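Nothing here was measured: the structure is a model prediction, and the numbers come from that model. Quick note on labels: first sequence line is chain A, next is B, and so on, each numbered from 1.
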Amino acid sequence: MLDIRFIRENPEAVRAGIAAKRSEDVVDQILDLDKERRTIIGEVEQLKSRRNTVSEEIAGLKRTKQPADDKIAEMKGVSDDIAALDQRLREKELALNLLMDTVPNMPHSSVPIGNDAKDNVEVKRWSPNGDDSLFEKRAGLDHLALAEKHGLFDFKRGAKIAAAGFPVYMGRGAQLERAFINFMLDLHTRSHGYTEVLPPFFVNATSLRGTGQFPKFADQVYHMPADELYAIPTAEVPVTNLYAEEMIPVEALPLLHCAFSACFRREAGSYGKDTRGFLRVHEFNKVELVKFTLPENSYEEHEKLTADAERVLELLEIPYRRIICCTGDQSFGNSKQYDLEVWSPVEGAWLEASSCSNFEDFQARRANIRFKRDAKSRPEFVHTLNGSGLATSRLMVAFLETYQEPDGTIRIPEVLHPYLPFTSIA
RNA sequence: GGAGAGGUGGCAGAGUGGUCGAAUGCGACGGUCUCGAAAACCGUUAAGCUCGCAAGGGCUUCGAGAGUUCGAAUCUCUCCCUCUCCGCCA
């Protein structure tokens with residue numbers, strides 16, 4: 001959510017940001033409602049002020065046992081007027097908030113203007129020893145064939161016991177998945193300074209609104225109406241909301257958390273697109289990185305967070321690239337977004353394995369996450385950042401294809417040996 | 001699932017329908033004292049909205065919502081949450 005005062009004072013800048021993000025321009029409606037709202041506030045508060053004054057006079061008269069009947073009679077109508085104005089005010093505020101929720105975060109000045117993914121800009125490419133030949137399409141079994149050959153996953157039985165898009169990991173496939181997760185958690189907690197969190201996988205609607213999934217993406221989240229709970233689409237939701245409505249001690253900033261969770265996404269409307277195997281699933285596993293920072297440090301922390309995610313791929317020696325998402329492709333709530341894409345040599349395609357975003361104070365304002373610079377200063381909103389570090393599903397695809405030998409054996413890189421009871425899948 | 005207790009300021013914890021945004025304690029901040037610190041003493045100590053160039057003013061907030069009343073932290077109703085005990089259970 002943006003600051004209403006910022007919109008009031010910079011309507012043209014907001015209009016430009018909305019246009020760059022390909023969102024609907026509601027600035028005029030917001031300004032109108034804001035004006036009406038403030039007019040009503042002026043009227044109703046004048047009445048309330050009068051009521052308070054007279055109430056005190058009545059109290060004074062009662063205390064000295066003097067009659068106050070005429071003043072009481074005078075106030076009877078005033079309270080009704082106040083109630084009517086309060087009602088109108090609530091209606092205006094409700095309408096205003098609904099619109100405010102649809103305004104995206106403003107893109108940072110360093111983000112390229114663009115329409116869609118085609119306008120994203122590659123800013124970095126990495127492969128072991130800088131070997132560019134690794135970015136070529138190669139012959140070999142794709143991840144589904146490899147999984148079949150070695151009995152790593154069971155998509156059919158996943159569909160039987162749940163639904164299509166809910167993978168089952170079997171045997172060495174399950175162990176490999178667990179090794180990825182443990183490896184990433186250990187890296188981020190031991191080498192990158194993050195504190196581990198294992199959050200609930202269900203949250204309430206307030207939390208989803210806090211991080212920006214609601215109201216815009218409500219149809220993408222699994223809902224359990226009997227208990228009014230929602231399955232998390234990412235650990236970003238529970239972890240960011242840990243400090244909702246709180247004042248974080250300034251000395252605790254920056255606050256760094258990493259969290260493993262399963263992630264649940266309905267992917268409504270995307271049927272038929274990239275549906276094979278792990279390319280698009282309803283449930284997947286992810287280690288998420290979340291930061292709470294001082295406003296002036298968030299862009300520096302964004303670079304570090306992205307580098308922390310990249311480190312996973314570098315240690316696993318998986319070729320990847322970093323792209324900066326253009327204004328039309330970045331997400332609703334963030335101001336700057338890097339995507340990390342792993343190279344899938346058999347698909348011959350880049351697969352998104354991570355998305356690292358700076359939300360500035362957009363989520364912090366919605367969730368009311370604040371800090372004070374010192375005891376005397378006013379509270380300010382922190383900046384929140386998050387990024388996958390990483391999601392395992394696309395990583396698994398690239399990993400299996402990258403590490404297959406000519407005979408279909410999958411070699412396990414040394415960095416994972418401490419996490420597995422085998423060094424190859426043959 | 002059943003029974004009970006409770007939700008008040010950063011924390012702890014009082015509160016009679018009317019000088020209650022709220023006693024008191026702790027903490028924090030500023031000051032006196034000190035070479036410095038501790039102790040002691042004095043003072044300050046919420047947030048949001050709104051009007052105003054500012055100084056400053058106004059309004060709201062005692063878990064949430066509704067009600068009674070001229071007036072609600074205080075009375076009534078509904079809901080939410082926390083804790084304790086019993087039952088069941090991974």
Point to revise | 5'-most by nearest nucleotide on RNA chain B - A:Ile41 or A:Met75 | key: A:Ile41
Review point. If you look at every strand shown and take non-hydrogen atoms under 4.0 Å, does A:Lys48 touch a base, only sugar-phosphate, or nothing?
Key: sugar-phosphate
**Study point:** Closest listed nucleotide, where the reference is the side chain of A:Ser49 and the choices are B:G18, B:G48, B:G58
**Key:** B:G58
Practice item. Taking only the side-chain nitrogens and oxygens of A:Lys372, find out if one of them lies under 4.0 Å from OP1 or OP2 of B:A46. Key: no
Practice item. Answer yes or no: is there a donor N or O on one side and an acceptor on the other, between the side chain of A:Asn297 and the main chain of A:Thr293, under 3.5 Å? Key: no
**Study point:** Spacing between A:Phe371 atom CZ and B:G10 atom P, to the nearest angstrom
**Key:** 17 Å
Practice item. Tell me which nucleotide among B:C70, B:G48, B:G58 gets nearest to the side chain of A:Arg378. Key: B:G48
**Study point:** B:C33 to B:C26 separation - P atoms, rounded to the nearest Å
**Key:** 23 Å
Exercise for review: Indicate, with a heavy-atom threshold strictly under 4.0 Å, whether A:Arg5 touches base, sugar-phosphate, or nothing.
Suggested key: sugar-phosphate
Review point. Picking from B:U50, B:G48, B:A66, which would you name as closest to the side chain of A:Arg90?
Key: B:A66
**Study point:** B:C49 OP1/OP2 closer than 4.0 Å to side-chain N/O of A:Arg37
**Key:** no
Review point. Just how far, in rounded Å, is P of B:G67 from CG of A:Asp86?
Key: 11 Å
Review point. Using purine N1 to pyrimidine N3 plus N6-O4 or O6-N4 for Watson-Crick, or N1-O2 and O6-N3 for G-U wobble, each under 3.5 Å, what pairs with B:C77?
Key: B:G65
Practice item. Any strand is fair game: report the nucleotide pairing with B:U84 by Watson-Crick or G-U wobble, both distances under 3.5 Å, or none. Key: B:A3
Review point. Hey, is the side chain of A:Arg50 poking within less than 4.0 Å of OP1 or OP2 on B:C70, counting only N and O atoms?
Key: no
Point to revise | Watson-Crick or G-U counterpart of B:G18, or none if no pair lies under 3.5 Å | key: B:C70
Point to revise | A:Phe214 six-ring centre to A:Arg209 NZ/CZ under 6.0 Å and within 45° of normal | key: no
Point to revise | Separation of B:U68 C1' from A:Ile72 CD1 (nearest whole Å) | key: 15 Å
Check your understanding: For B:C59, which nucleotide is its Watson-Crick or G-U wobble mate, given both distances must be under 3.5 Å?
Key -> B:G48
Point to revise | Span that lies between the C1' atom of B:C62 and that of B:G17, in whole angstrom | key: 15 Å
Practice item. Check whether any side-chain nitrogen or oxygen of A:Ser79 sits under 4.0 Å from OP1 or OP2 of B:U69, and answer yes or no. Key: no
Point to revise | A:Glu303, CD: over 12 other non-hydrogen atoms inside 6.0 angstrom | key: yes
Check your understanding: Between A:Leu47 (CG) and B:C70 (P), how many Å, whole number?
Key -> 17 Å
Revision key, fill the gap. As its Watson-Crick or G-U partner within any shown strand, both distances under 3.5 Å, B:A23 has none
Exercise for review: May I have the distance from A:Glu245 (atom CD) to B:G7 (atom C1'), rounded to whole angstrom?
Suggested key: 17 Å
Review point. Hey, is the side chain of A:Asn52 poking within less than 4.0 Å of OP1 or OP2 on B:U60, counting only N and O atoms?
Key: yes
Point to revise | Pairwise C1' distance, B:A73 and B:U60 [rounded to whole Å] | key: 14 Å
Practice item. Pick the C1' atom in B:C20 and in B:U74, then give their distance to the nearest Å. Key: 10 Å
Review point. For the pair made of CD in A:Glu56 and P in B:G18, what is the distance, rounded to whole Å?
Key: 13 Å
Practice item. Report the distance from atom CZ of A:Arg373 to atom C1' of B:A28, rounded to the nearest whole Å. Key: 19 Å
Check your understanding: Any chance the rings of A:Tyr338 and A:His302 have centres within less than 6.0 Å?
Key -> yes
Check your understanding: Taking the six-membered ring for Trp, are A:Tyr194 and A:His192 parallel (under 30°), tilted (30 to 60°) or perpendicular (over 60°)?
Key -> perpendicular
Check your understanding: For B:C51, does either OP1 or OP2 sit under 4.0 Å from a side-chain N or O belonging to A:Arg38?
Key -> yes
Practice item. In whole angstrom, give me the gap between the P atoms of B:G18 and B:C75. Key: 12 Å
Check your understanding: On a whole-Å scale, what distance lies between the C1' atoms belonging to B:A14 and B:G6?
Key -> 15 Å
Check your understanding: Using the benzene-type ring in the case of Trp, are the ring centres of A:Phe155 and A:Phe278 under 6.0 Å apart?
Key -> yes
Review point. Are A:Glu352 and A:Arg394 ion-paired here, with the side-chain N under 4.0 Å from a carboxylate O?
Key: no
**Study point:** Assigned partner base of B:A38, Watson-Crick or wobble definition, under 3.5 Å
**Key:** none
Check your understanding: Could you give the distance from OG1 (A:Thr53) to CE (A:Met75), rounded to the nearest 0.5 Å?
Key -> 9.0 Å
Review point. Roughly how far apart, to the nearest Å, are B:U78 and B:G25 at atom C1'?
Key: 36 Å
Review point. How would you label the contact of A:Arg8 with the nucleic acid (heavy atoms, under 4.0 Å): base, sugar-phosphate, or nothing?
Key: sugar-phosphate
Check your understanding: When you check the phosphate oxygens OP1 and OP2 of B:C70, does a side-chain N or O of A:Lys76 lie under 4.0 Å from one of them?
Key -> yes
Exercise for review: Find the distance A:Glu45:CD to B:C59:C1' and express it as a whole number of Å.
Suggested key: 3 Å
Exercise for review: Take atom P in B:G21 and the same atom in B:G63, then report the distance between them in whole Å.
Suggested key: 16 Å
